[in-house]
Amino acid sequence: MTDIRTILEERLQAAFDTVEAGADPVLRPSDHADFQVNGTLPLAKRLGRNPRELAEGLLAAVDLGGICETVEVSGPGFLNLTLSAGFLADQLQAMAADEALGLAPTADPVTVVVDYSAPNVAKEMHVGHLRSTIIGDALVRLLQAAGHEVVRENHVGDWGTPFGMLIEHLLDLGEEEATSELSVGDLDGFYRQARASFDADEAFAARARARVVLLQSGDPETLRLWGILVGQSIAYFDEVYAKLGVLLTDADVVGESFYNPMLEGVVADLEALGLLVENDGARCVFPPGFANRQGDPLPLIIRKSDGGYGYAATDLAAIRDRVDRLGAGRILYVVGAPQAQHLQMCFAVARLAGWLPEGVEAVHVAFGSVLGPDRKVFRTRAGSTVKLVDLLDEAVARAAGEVAERNPDLDEGTRRDMARALGVGAVKYADLSNDRAKDYVFDMDRMLAAQGDTGPYLQYAHARVRNIFARGEVDPPPAGSPLVLAEPAERALGLRLLRFGDAVAGARQAADPHRLCLFLYETASAFSSFYDHCPVLKAPDGPTRLSRLALADLTARVLARGLGLLGIEAPDRM
RNA sequence: GCCCUCGUAGCUCAGCGGAUAGAGCACCGGCCUCCGGAGCCGGUGGCGCAGGUUCGAGUCCUGCCGAGGGCGCCA
């Protein structure tokens with residue numbers, strides 16, 4: 001099926017071309033009609049003509065027969081388009097018959113590498129990882145749905161100086177004891193103890209430093225111990241991912257250590273290109289356009305004065321690997337906003353070195369911080385970071401209370417599934433429905449509220465639709481069933497549903513899931529209004545009943561699919 | 001000091017250069033002859049300040065004020 005927007009744009013373009021070839025009609029949704037054409041005003045300005053007269057002329061020239069009920073010149077010279085109910089009904093019928101709900105695959109699929117989540121070995125996942133993981137997951141789903149080849153990369157922090165003390169702590173505890181501690185997910189406890197020994201015990205610190213050297217020199221026994229830490233942590237991350245219901249698995253882990261063998265080449269090649277500058281013993285690149293607080297050029301440190309590699313070296317190696325080995329046409333970094341400058345510098349250096357060719361896009365999909373009620377970075381009352389699992393468990397537990405109250409008749413397993421879908425969905429939706437770039441205040445009461453722009457409200461709307469069929473013991477009408485949009489609420493819902501493709505495309509192009517959230521909330525609202533005003537099972541006649549059932553079914557499918565693209569479940573009951 | 005992001009209703013947020021700036025929460029008032037009231041319908045209330053570009057600015061540009069973040073060997 002061809003979406004309405006495309007159809008309208010084609011017809012309008014033909015009319016605009018008669019006045020000035022290529023003039024953009026600037027078609028937009030409107031508060032005053034279904035769509036409005038804004039392009040008349042700039043065009044009139046350019047031609048020095050009266051905008052209303054020009055609009056009148058275009059109105060006469062444009063062929064919208066069978067599509068629009070009315071087209072009129074309005075205000076200073078806009079064209080207001082009101083679609084005909086019959087056309088809308090036909091479009092909806094086609095959409096309902098389409099498995100993909102009108103979501104068309106992209107014309108130019110590329111390989112997109114999405115770098116997200118990135119927890120640290122032997123460190124707890126916290127709310128910062130929540131944002132990266134959830135936003136990244138939604139973007140992966142949106143891109144896959146468009147037919148892009150998506151490579152998920154979880155850039156786990158599995159290398160660096162802290163591993164000296166972590167390995168020594170592991171030895172002090174004994175392998176078995178350490179393994180069991182890590183397997184229950186007390187990662188922060190493990191890390192804290194290691195840190196404490198390092199700070200308090202000089203002998204331990206010396207062992208830790210020696211251990212770093214062994215690790216970096218590839219000592220087999222040290223690598224084996226390191227592998228225990230990494231393996232246990234990744235197993236733990238997998239549990240968290242499963243709890244979150246995201247697509248990431250341990251197969252997507254491409255840790256920092258993966259790039260170790262490539263670092264020497266990064267340095268050598270930068271050297272050969274003449275980009276590397278020795279500065280205070282460190283080897284740096286100074287990409288143009290970056291300055292420090294004195295206004296001097298800002299370095300990207302590739303190799304530290306102690307001979308170790310900076311994380312910039314790893315990030316550059318990753319870019320090369322993604323372009324050369326994975327064939328990336330676009331790389332998305334779902335990373336917090338504070339790292340903007342670092343990433344921009346890496347991209348700049350990669351461009352200078354020719355590792356990031358002209359046609360390959362590198363995009364920092366930046367996001368703001370999660371704040372506590374005091375508007376400071378979210379922490380527990382004790383001042384430590386909040387464990388992601390604790391947060392999820394609390395959300396699910398609260399949802400479970402709600403579910404038990406409303407569905408005392410259901411068996412425990414079903415209730416548990418519902419509570420999980422509800423609790424996790426609430427947390428995800430709250431995060432995704434905010435503008436990525438902004439900080440947001442974490443408020444569990446609000447995200448779990450059943451009213452307002454929340455996950456539970458959307459899931460409820462979906463469950464309500466599904467329940468029409470369960471309660472009425474009817475199946476959704478077969479594909480191709482005719483629709484009638486007689487009531488204003490039917491028309492409003494129908495028009496809303498037809499904008500699904502636009503909403504999905506917009507969210508994908510801007511890498512901004514909150515646009516899809518907004519659409520889904522509006523859809524749920526439109527459905528609720530429709531459901532209140534238009535009896536479905538008790539419709540006045542057979543054709544109306546069938547049409548409303550078809551509209552209800554399409555609503556359920558759009559909500560479920562839309563939520564699915566965000567990584568949020570849509571249970572049939574709740 | 002320089003750079004980046006953000007200032008929209010009491011609170012939390014939408015708003016793709018277009019008309020009278022929209023929601024939700026809270027508050028006030030309606031709707032149970034109703035298929036799920038976790039709902040629907042209505043009301044009160046707002047673009048940080050000052051310039052500029054434009055036919056038209058919440059949106060783009062400049063300056064100021066305010067908040068957060070970044071600014072050479074942690075990732």
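In the text below, chain A, chain B and the rest are named by the order of the sequence lines, each starting its count at 1.
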Using a heavy-atom cut-off of under 4.0 Å over every strand shown, decide if [X] touches base, sugar-phosphate, or nothing.
| X | value |
| --- | --- |
| A/Val377 | nothing |
| A/Asp439 | sugar-phosphate |
| A/Cys517 | nothing |

Close N or O pairs between protein and nucleotides 40-45 of chain B (under 3.5 Å):
from, atom 1, to, atom 2, distance (Å)
B/C40, OP1, A/Tyr457, OH, 3.2
B/C40, O2', A/Asp532, OD2, 3.0
B/C41, OP1, A/Ser529, OG, 3.1

Take atom [atom1] of [X] as the centre, draw a 6.0 Å sphere, and report whether it contains more than 12 heavy atoms from other residues, nucleotides or ligands.
| X | atom1 | result |
| --- | --- | --- |
| A/Glu278 | CD | yes |
| A/Glu264 | CD | no |
| A/Arg46 | CZ | yes |

Separation between OH of A/Tyr460 and CG of A/Leu559, rounded to the nearest 0.5 Å: 13.0 Å
Residue whose nearest RNA chain B nucleotide is more 5′ - A/Tyr521 or A/Ala539: A/Tyr521
Which residue lies more 5' along RNA chain B, comparing A/Tyr531 with A/Ser369 via nearest heavy atoms: A/Tyr531
Residue pairs passing the side chain to side chain donor-acceptor pair (under 3.5 Å) test where at least one lies in residues 498-509 of chain A, sequence neighbours excluded: A/Arg5-A/Asp502
Whole-angstrom distance between B/C16 and B/A57, as gauged at atom P: 16 Å
Within the distance-only criterion (no hydrogens, no angle test), does the side chain of [X] pair as donor or acceptor with the backbone N or O of [Y] below 3.5 angstrom?
| X | Y | value |
| --- | --- | --- |
| A/Asn80 | A/Glu72 | no |
| A/Gln459 | A/Ala421 | yes |
| A/Arg211 | A/Met165 | no |
| A/Asp443 | A/Arg446 | yes |
| A/Arg548 | A/Pro535 | yes |
| A/Glu490 | A/Glu487 | yes |
| A/Asn407 | A/Leu410 | no |

What is the distance from [atom1] of [X] to [atom2] of [N], rounded to the nearest Å?
| X | N | atom1 | atom2 | answer |
| --- | --- | --- | --- | --- |
| A/Arg446 | B/A23 | CZ | P | 18 Å |
| A/Phe469 | B/G36 | CZ | P | 13 Å |
| A/Leu551 | B/C35 | CG | P | 20 Å |
| A/Leu371 | B/U12 | CG | P | 10 Å |
| A/Tyr429 | B/C13 | OH | C1' | 11 Å |
| A/Phe290 | B/C3 | CZ | C1' | 10 Å |
| A/Asp431 | B/U12 | CG | C1' | 14 Å |
| A/Tyr460 | B/A38 | OH | P | 5 Å |

A/Phe347 and A/Tyr333 aromatic ring geometry - parallel, tilted or perpendicular at 30°/60° bounds: tilted
Whether A/Tyr457 and A/Tyr521 hold their rings parallel, tilted or perpendicular, with breakpoints at 30° and 60°: tilted
Distances for protein N or O near nucleotides 52-54 of chain B N or O, under 3.5 Å:
none

Flag for A/Tyr440-A/Asp435: side-chain donor and acceptor within less than 3.5 Å: no
A/Arg406 side chain near B/A38 phosphate (N/O to OP1/OP2, under 4.0 Å): yes
Dot-bracket encoding per residue of RNA chain B, Watson-Crick/G-U cut-off under 3.5 Å, | denoting interstrand: (((((((..((((....[...)))).(((((.......)))))....(((((..]....))))))))))))....
Contact state string [nucleotides 70-75 of chain B, B base, S sugar-phosphate only, - no protein heavy atom under 4.0 Å]: SBBB-B
Letter per nucleotide, 5' to 3', of nucleotides 14-19 of chain B [B base touched, S only sugar-phosphate touched, - untouched; heavy atoms, 4.0 Å]: SSB-BB
